[in-house]
Amino acid sequence: MTVLVVGASGFLGAEVCRQAAAAGRRVVGTYHSGAVAVPGVESHRLDVTDRAAVRALVARVRPAVVVGTPYRYADWAVTADGAAHVAYAAAEAGARLVHLSSDALHAGRPEPYGDDEPPSPIFPYGAAKAAAETAVRAIDPTAVLVRTSLILGEGSKQIQLCRDAIAGRAVLFTDELRCPIDVADLAAAVLELAGTDHAGVLNVAGPDAVSRADLGLLVARREGLDPAGMKTGTGAEAGVVRPTDVRLDSTRAAGLLRTRLRGVGEFLAA
């Protein structure tokens, strides 16, 4: 079976490639600017905003599964239009599509968000992720759309941000809550979902909600660092326009998947 990972040079895409290759599958990965650094993976440069190029590559590779992970934080064409192009090409080829979405499309509230709740974006990136979901669901109703949260693991930007804050070079907000997930758990869940017929949106995140400041404390404890100098604040004080309290209820995924979605306190302690 051939697995095509669109966005394989990214943090999650590379882990999906590693796990799929380790399982003995033929893996093809795409990149835009950074090469795919996973042994045994066939790599191709691809601009997802080029619809014809996406269709041509998928037709040439003929994958059974397409995992769509590409995004660019401030680029609507990559995040929204690119997702639509990938969905169209996958449907055209008859491939199973797993599209990666984000909790960023919610506005934020104290109560957890269920799988089927409609997007309520309050900033451009969240709006782009919401538009991507709308396009994917319209093009391929059989696709699974994975809404996830902060993706952690060695090499993640989120862990580096915590280290920077502990060193006094960045600020972690006390009012910005998420449900972090380990990159290995998420990649395993994505590949497991590819082998099911589950369709529609599914929250796949960790069971523990923590603030970014609390995450910084967990990283400090794990790495034996002194958190006394860690810089904290609030998003409101900083004038940041993005969701604050966004908790994903992943109960359905936990019941559906064999992959166990560990809490941040557990996987950071491992």
Side-chain angles (χ1 to χ4, degrees), residues 10-12 71-75 79 100-115 117-130 132-133 146-183 185-186 201 203-223 225-251 253 261-269:
F11 185 55
L12 173 61
Y71 79 96
R72 192 173 298 148
Y73 193 77
D75 193 325
T79 305
L100 268 294
S101 190
S102 169
D103 59 6
L105 51 67
H106 290 306
R109 69 186 189 195
E111 300 81 22
Y113 286 92
D115 306 82
E117 297 200 42
S120 52
I122 60 172
F123 74 137
Y125 176 64
K129 294 300 285 187
E133 280 198 2
V146 173
R147 285 182 184 166
T148 193
S149 189
L150 295 183
I151 306 174
L152 304 183
E154 190 54 46
S156 75
K157 295 178 181 178
Q158 308 302 334
I159 295 293
Q160 187 57 51
L161 177 64
C162 290
R163 291 170 178 152
D164 289 343
I166 293 166
R169 298 189 299 267
V171 178
L172 298 175
F173 297 142
T174 58
D175 60 346
E176 191 172 23
L177 279 75
R178 296 292 188 271
C179 294
I181 185 167
D182 183 74
V183 66
D185 294 352
L186 181 55
V201 176
N203 290 340
V204 183
D208 302 336
V210 297
S211 71
R212 286 185 180 269
D214 287 338
L215 180 59
L217 293 175
L218 288 171
V219 170
R221 184 168 64 191
R222 178 194 186 192
E223 302 189 357
L225 301 174
D226 183 357
M230 188 174 79
K231 296 178 68 174
T232 64
T234 67
E237 292 169 345
V240 174
V241 181
R242 67 182 180 218
T244 51
D245 190 343
V246 183
R247 311 172 193 216
L248 296 181
D249 181 349
S250 299
T251 303
L261 306 175
R262 296 171 295 164
V264 63
E266 178 182 352
F267 67 73
L268 282 184

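For Asp103, the salt bridge (charged side-chain N to carboxylate O under 4.0 Å, His left out) partners at least two apart in sequence or on another chain are Arg178. Here Asp245 pairs with Arg247 under the salt bridge (charged side-chain N to carboxylate O under 4.0 Å, His left out) rule; sequence neighbours left out. Scored by the salt bridge (charged side-chain N to carboxylate O under 4.0 Å, His left out) test, Arg242 finds Glu176 as partners (sequence neighbours excluded). Annotation: ring-ring contact (aromatic ring centres under 6.0 Å, His included) contacts of Tyr71 (sequence neighbours excluded): Tyr125. Under the salt bridge (charged side-chain N to carboxylate O under 4.0 Å, His left out) criterion, Asp182 pairs with Arg262, not counting sequence neighbours.
Here Arg169 contributes atom CZ and Leu161 contributes atom CG; the two are 10.5 Å apart, rounded to the nearest 0.5 Å. To the nearest 0.5 Å, atom CG of residue Asp249 and atom OH of residue Tyr113 are 13.0 Å apart. Here CG of Leu177 is found 11.5 Å from CG of Asp208. Values are rounded to the nearest 0.5 Å. Here Ile151 contributes atom CD1 and Ile159 contributes atom CD1; the two are 12.0 Å apart, rounded to the nearest 0.5 Å. Interatomic distance, OH of Tyr73 versus NZ of Lys129, reported as 12.0 Å (0.5 Å rounding). With rounding to the nearest 0.5 angstrom, the CZ atom of Arg212 is 12.5 Å from the OG1 atom of Thr174.
Of the possible polar contacts, one joining the Asp175 side chain to the Gly235 backbone as a donor-acceptor pair under 3.5 Å is found. Put simply, the side chain of Ser250 never gets that close to the backbone of Gly206: no donor and acceptor are under 3.5 Å apart.
A pairwise comparison of heavy atoms in Leu248 and Ala205 identifies CD1-CB, 4.1 Å as the closest pair. Thr148 and Leu186 get closest at one heavy-atom pair: OG1-CD2, 3.7 Å. In terms of heavy-atom proximity, Pro227 sits nearest to Leu217 at CB-CD2, 3.7 Å. Closest non-hydrogen pair, Phe123 versus Pro243, comes out as CE2-CD, 3.5 Å. The two residues Pro121 and Ala130 make their nearest non-hydrogen contact at CG-CB, 4.2 Å. The minimum heavy-atom distance between Ala220 and Ile166, with the atom names listed, is CB-CD1, 3.7 Å.
Environment of CZ in Arg221: sparse, with no more than 12 heavy atoms of neighbouring residues, nucleotides or ligands closer than 6.0 Å.
Between Leu172 and Leu215, every side-chain heavy-atom pair lies at or beyond the 4.5 Å cut-off. Side-chain contact between Val219 and Arg222: absent, with no pair of heavy atoms (C-beta onward) separated by less than 4.5 Å. The closest side-chain heavy-atom distance from Glu133 to Pro119 is below 4.5 Å.
Between Glu117 and Arg147, none of the side-chain N atoms (NZ, or NE/NH1/NH2) sits under 4.0 Å from a carboxylate O, so this pair counts as no salt bridge.
Sequence neighbours left out, not one pair with a member in residues 227-239 passes salt bridge (charged side-chain N to carboxylate O under 4.0 Å, His left out).
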